[in-house]
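Start at 1 and go down the list; that is how both ligands and their atoms are numbered. As the structure is a computational prediction, the values presented were derived from the model and not from experiment.
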Amino acid sequence: MKPRQRKQYFRNMKRSDDSEREKRRKRRRLIQELGEQRIPYLSPADPGFQELWDSSYAGLALRQSSALPDGLHERVQSALRTLQRRGCLLRDLVRVRDRDVFTAVSRALVGQPGYTYRYLDTRLFTIPWHCEGEEGQKDEKDKPCCDSDLRDACKALWELNQFFCSDVKQQTNARGVKRSRSDTENSEDTPGEGMCEESVKDRLLEEKQEEEEEEEEEEEDSGQGCSHSSPPSSALPPDVAGLVQFNITLINYMDPIAMTQLKEEPYYGMGKMAVGWHHDENLVPLSPVAVYSYSCPAEPKNEGVTEKDREGQSKEKEKQKETKTEGEGTSKEELKKEEGEGLEKEEVQKEKACWRVGLKVAWDIHTPGLALPLQSGDCYYMTDDLNRTHQHCVLAGDTARFSSTHRVVQCCTGTLDYIQKRSSEALENLHTDPEKNTKSLKSLLPSTLQHIEDIHNEVEFEWLRQYWFQGRRFARFCSWWTKPMEQMEKDWKEMEQMTQLLLAVVEDENTAQENRREMADILLNALSDRQQHRQTWRDRYVPVC
Ligand SMILES: O=C(O)CCC(=O)C(=O)O
Ligand SMILES: [Fe+2]
């Protein structure tokens, strides 16, 4: 970046801050104008539910718990409870609209050794899962990286992953056949019931949704785009030899009793959300997502919450329920439903006691939303381009609940293997004179220097700081990342030395004038970027929540 470009860059940054503020103002105004209007959504008890599912949510498939072998349920559920009991499930500090916020759900990433998953500017590092017959992943001293308790838990999740890999494929094939049959039998699309009329308020609602979605799309862009580097071997396509290759699972856990501040679903009045509307980020395009849902009535002990907290929170919840029956704090939509027969009211309450996944078509306020209740042990699949064309959210039920969400993550810039190769590329330019014990740069070619400084930034901001920030929380359960990250820190120190060496060349008056200017430019740009990123990271350590 030339100095003029740099000024422009900062001007643009300021402009984007302004437009961010403007967006917020607009959103507040729209929310006020909208009042209590809601878009319809359908649940299984509503007429037209199945038709709506078939016509507008065809990529969604439910696998009831009976589709899985009993033994697998037991192993997986015990594994999830182990992760919770051992304190492996932690709330992530993520970045949403320039703010750092804790996720309502506690999470852990389990998956292929050396893989990471980046969402909302946060990189999660896998606790490696273990394949059948394997002793367990070893660390560099040939010691197992986790104790046997955790090893068994991760193995069970790997087993579930194996089941999903083959089952998703079968389900997709079966549905494909069914769909092509019904397409020939009935070529007209069945419209979903309960479409809402276009009106001024609709228009406002549409604008409001577009606003939100714009931001969500922006959030997604923060990921590890793969276009700038050639795909390394680890970037497997989603479907190899007929199998879907899920490579990680993001485990979620939430106990609604411990979380009194859950947000109400804003567009449809679906209830309290444990996870807000989103598309899953950084997945291989068109790859499926498979989710195992386990709601456990007997809450496992949550180490982060004391009994006293729990008592207070239960009372708080009871109080909330009481005010609700008096009519206060109840949305119009709920009131409308409650006006109906007692039976209907009971049904709505029963339905809301259950954990549900909510779906909506992105950029669309005419198609009703869909709320799918999940019994413990049920699974659902999001296939085809459902994750791209639709958004989903998780609606909290009354009990604590785990989910294991299996994905094919875009891993071309997200594996340890990848970043280690990048580091070696940069360090190749460092020459050490063994006799004098001095160091120098081999090449001073501007493109090489630029490349090295880019890698330097990537190592520092995409890996080391991410790891220090929340990756190493897992080091006390699993040592897999400890040594590689220590080595990466050593490599980074060498890169810092390389920057110093470059500075010395630029400052040396014997260096040819023409080259000096070009090198100075590269250095100045790299250092200003680094400075700014470091400030961002300093700010992240002081969360605003
Ligand atoms: O828990 C679920 O059912 C899905 C969670 C989810 O959407 C996510 O983790 O991205
Ligand atoms: Fe999701």
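Taking the ring axis of W537 as reference, the NZ or CZ atom of R540 stays within 45° of it and closer than 6.0 Å to the ring centre. Geometrically, R472 does not engage W481 in a cation-pi contact, judged by NZ or CZ lying under 6.0 Å from the ring centre and within 45° of the ring axis.
With ligand atoms numbered from 1 in the order given, ligand 1 contributes 7 (O) to contacts under 4.0 Å with heavy atoms of H392. Ligand-side atoms of ligand 1 in range of V394: 1 (O), 2 (C), 3 (O), 4 (C), 5 (C), range being under 4.0 angstrom from any heavy atom. Heavy-atom contacts of V291 reach the following atoms of ligand 1: 2 (C), 3 (O) (cutoff under 4.0 Å). Close approach to R107 involves these atoms of ligand 1, each under 4.0 Å from a residue heavy atom: 8 (C), 9 (O).
Neither the backbone nor the side chain of E281 has a heavy atom within less than 4.0 Å of ligand 1.
Protein heavy atom at the shortest distance from atom 5 (C) of ligand 1 is N252 ND2, 3.3 Å. The nearest protein atom to atom 4 (C) of ligand 1, hydrogens excluded, is given as Y380 OH, 3.2 Å; this is a heavy-atom distance.
Between the Q391 side chain and the W363 main chain, no donor and acceptor come within less than 3.5 Å of each other. Side-chain atoms of D378 come within 3.5 Å of backbone atoms of S65 as a donor-acceptor pair (strictly under, hydrogens ignored).
The two atoms that bring V409 and T116 nearest to each other are CG2-O, 4.1 Å, heavy atoms only.
Nearest N/O/S atom of D280 with respect to the Fe ion (ligand 2) is recorded as OD1. Among heteroatoms of the N, O or S kind in H278, NE2 lies nearest the Fe ion (ligand 2).
At a threshold of 4.0 Å, the pair R85-D149 counts as salt-bridged, since one of the basic side-chain nitrogens sits closer than that to a carboxylate oxygen. Under a 4.0 Å N-O distance rule, the pair D92/R473 qualifies as a salt bridge. Under a 4.0 Å N-O distance rule, the pair E265/K272 does not qualify as a salt bridge.
Judged by the shortest distance from any of its heavy atoms, W355 lies outside the 4.0 Å radius around the atoms of ligand 1. The closest approach between any non-hydrogen atom of D280 and ligand 1 is below 4.0 Å. The shortest heavy-atom distance from R407 to ligand 1 is under 4.0 Å.
Not less than 6.0 angstrom separates the ring centroid of Y467 from the ring centroid of W463.
The Fe ion (ligand 2) has an N, O or S atom of H392 under 2.8 Å away, backbone or side chain.
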